[in-house]
Amino acid sequence: MKKRIYLDYGATTPCDPRVVTAMLPFFSKRFGNPSSIHSHGQEASEILDKAREKIAGYLGAQKSEIIFTSGGTESDNTAIKGVAYAYRKKGNHIITSSIEHPAVIKSCASLMDQGFKVTHVPVDKNGIVDVNEIEKAITTETILISVMHANNEVGTIQPIEDIGKIARKYNICFHTDAVQTFGHIPLEVNKLGVDLLSASAHKLYGPKGAGFLYVRKGTRIKPFMDGGGQEMGKRASTENVPGIVGLAKASEIAFGEIKEETERLRHLQQKMVQGISERLQDVGLNGPMGKRLPGNINLSVRYAEGESVVMHLDQEGISCSTGSACSSSEHEPSHVLKAMGVPDDLARSSVRFSLGRFTTEEDVNFVIDKLSEAVNKLRAISPCY
Ligand code: PLP
C-alpha cells in the first residue's frame with residue numbers, strides 16, 4: 001500500500017500511542033462518574049483532580065481555574081458568551097480581531113444579534129493585530145477583548161502580552177484562543193495577562209472531543225448550558241474522563257518535548273520553504289517566517305488553484321489543506337488572507353502545510369518534489385500562465 005504523508009496537523013493530530021495507552025483503562029475498567037460518592041466515582045474524581053492540577057501547572061494557573069470542556073469550540077463559546085452575559089450590566093461592547101476562528105467570530109455574531117456591539121480590529125499584511133488599534137477601540141462599554149494566540153491558517157503569533165497589559169490598564173476581561181499554541185509554544189497565563197484561555201486536546205496529539213477553558217479566579221462567566229453542577233458549576237454534563245486523561249497525558253508529552261520539537265519543526269519548515277522556492281517561481285509565503293507556529297507553512301501558488309493543488313497532492317498520497325479545515329469546505333477565499341490584504345486570486349491559490357510530530361525530513365523532500373510536479377501540471381493548463 002502507498003505510504004500516506006500527513007501534513008495537516010493544524011486541522012487535527014493523530015492520538016499519540018502513549019496517550020491511547022493512558023486512556024484505555026478509563027473506558028471499561030475505571031469508568032466511574034466523578035460525581036458519584038462511591039469508590040468508582042471517587043477514583044474518577046481523583047483522576048480529574050490530578051489532570052486539572054497537571055494542566056494548571058503548565059499554564060502557571062491554579063487547578064480551580066481549569067474547566068474541562070468538549071474542545072476549542074465550546075471553550076471559545078463559553079468564554080465569549082459567558083463573559084458577555086455575566087457583565088451585561090457593566091457594558092455591551094466586545095473587541096476581537098478580523099482573523100479569528102469561526103468559533104469566536106460566530107459567538108460574537110450571535111451576541112450582536114442579541115444587541116451587543118463588536119469591533120473587529122484589523123491586522124497588518126503579516127496577519128498581526130495592531131495593539132494601538134485595540135486600545136483605540138476601547139469604550140466605557142467594553143467588557144471583553146478576545147484575540148487568538150496564533151492563527152490557525154497562517155500561524156502568525158499575536159502580541160498577546162502587550163494586549164494583556166492594555167486589558168489590565170482598563171480593567172477589561174481578556175480571552176485568548178490558544179487552540180493552536182497550547183502544547184506547541186510555552187505559555188503562562190500571568191505572563192500573557194489573559195483571564196480566559198481556550199485549548200483543545202486533538203491539536204496536541206490527544207483525543208477529539210476534549211479540551212479546557214482557563215478562567216482566572218474572580219472572572220465571572222455565566223454558563224450557557226443548563227444542567228448539573230459539574231466543573232465547579234461552570235460546565236454542566238458528566239466529564240469525559242478518558243478524554244481528560246488523554247488531554248493531560250498529551251500535555252505532559254508535548255510540554256516535555258517542546259524545546260526539541262520546536263527546533264526540529266523550525267528546521268523542517270525552513271527546509272521546505274527553501275526547497276519550494278528553489279523549485280518553483282511565483283510562490284509566496286503568507287505571513288512572516290519569524291513570528292509563526294513552527295510547523296505552519298501557508299503559501300500562495302500563483303496561477304494554480306489551491307483546491308486543485310490539494311487534490312493533486314492527495315492523489316500522490318499527501319494530505320494538506322487550503323486555509324483551515326473549517327473554511328476549506330466553504331468556497332469563499334479565506335477571511336484571514338483577505339484581512340491581510342491578499343488579493344482574491346492569490347487567496348484562492350493558497351495551500352497550507354502543517355508539519356508535526358511524525359513528519360520526517362524524507363516526507364518534506366517527497367512533498368517538495370510532488371508539489372513542484374503538481375503546480376507545473378496545473379500551470380501548463382492554466383489560461384493565465
Ligand atoms: N480555535 C482554533 C484556533 C482552531 O484552530 C480550532 C480548530 O480548528 C478551534 C478553535 C476549534 O477547536 P475544536 O475542533 O476542538 O472545537
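Just follow the structure's listing: the first ligand is 1, and inside any ligand the first atom is 1. In this chain, residues are counted from 1 in sequence order.
- Contact of the Ile244 side chain with the Glu239 side chain is registered, since non-hydrogen atoms from C-beta on lie closer than 4.5 Å.
- Of all atoms in ligand 1, listed by their number and element, those nearer than 4.0 Å to a heavy atom of Gly72 are 12 (O), 13 (P), 15 (O), 16 (O).
- Shown in contact with Ser200 at under 4.0 Å from a heavy atom are these atoms of ligand 1, numbered in order with element: 13 (P), 15 (O).
- Atoms of ligand 1 lying under 4.0 Å from at least one heavy atom of Asn152, given by number and element, are 3 (C), 5 (O).
- Contacts between Thr73 and ligand 1, counted as non-hydrogen atom pairs separated by less than 4.0 Å, involve both the backbone and the side chain.
- In summary, Glu261 and Arg264 engage in a salt bridge, as defined by a charged side-chain N under 4.0 Å from a carboxylate O.
- Within ligand 1, the atoms closer than 4.0 Å to a non-hydrogen atom of Asp76 are 1 (N), 10 (C), numbered from 1 in the order shown.
- Between atom 5 (O) of ligand 1 and the options Lys208, His202, Gln180, the minimum heavy-atom separation is to Gln180.
- The closest side-chain heavy-atom distance from Phe358 to Asp363 is not below 4.5 Å.
- Listed here is the closest heavy atom pair of Ser350 and Asn298: CB-OD1, 3.8 Å.
- Residue contact check for ligand 1: Lys203 places a non-hydrogen atom closer than 4.0 Å to it.
- A cation-pi arrangement is not found for Arg235 relative to Phe68, the charged atom failing to lie both closer than 6.0 Å to the ring centre and inside a 45° cone about the ring normal.
- Atoms of ligand 1 lying under 4.0 Å from at least one heavy atom of Met148, given by number and element, are 3 (C).
- No side-chain heavy atom of Thr238 sits less than 4.5 Å from a side-chain heavy atom of Ser35.
- A salt bridge does not link Lys106 with Asp76: every distance from a Lys NZ or Arg NE/NH1/NH2 to an Asp or Glu carboxylate oxygen is 4.0 Å or more.
- Taking a cut-off of under 4.0 Å to the non-hydrogen atoms of Gly71, the atoms of ligand 1 that pass are 15 (O).
- No part of Val104 comes within 4.0 Å of ligand 1, judged by heavy-atom distances.
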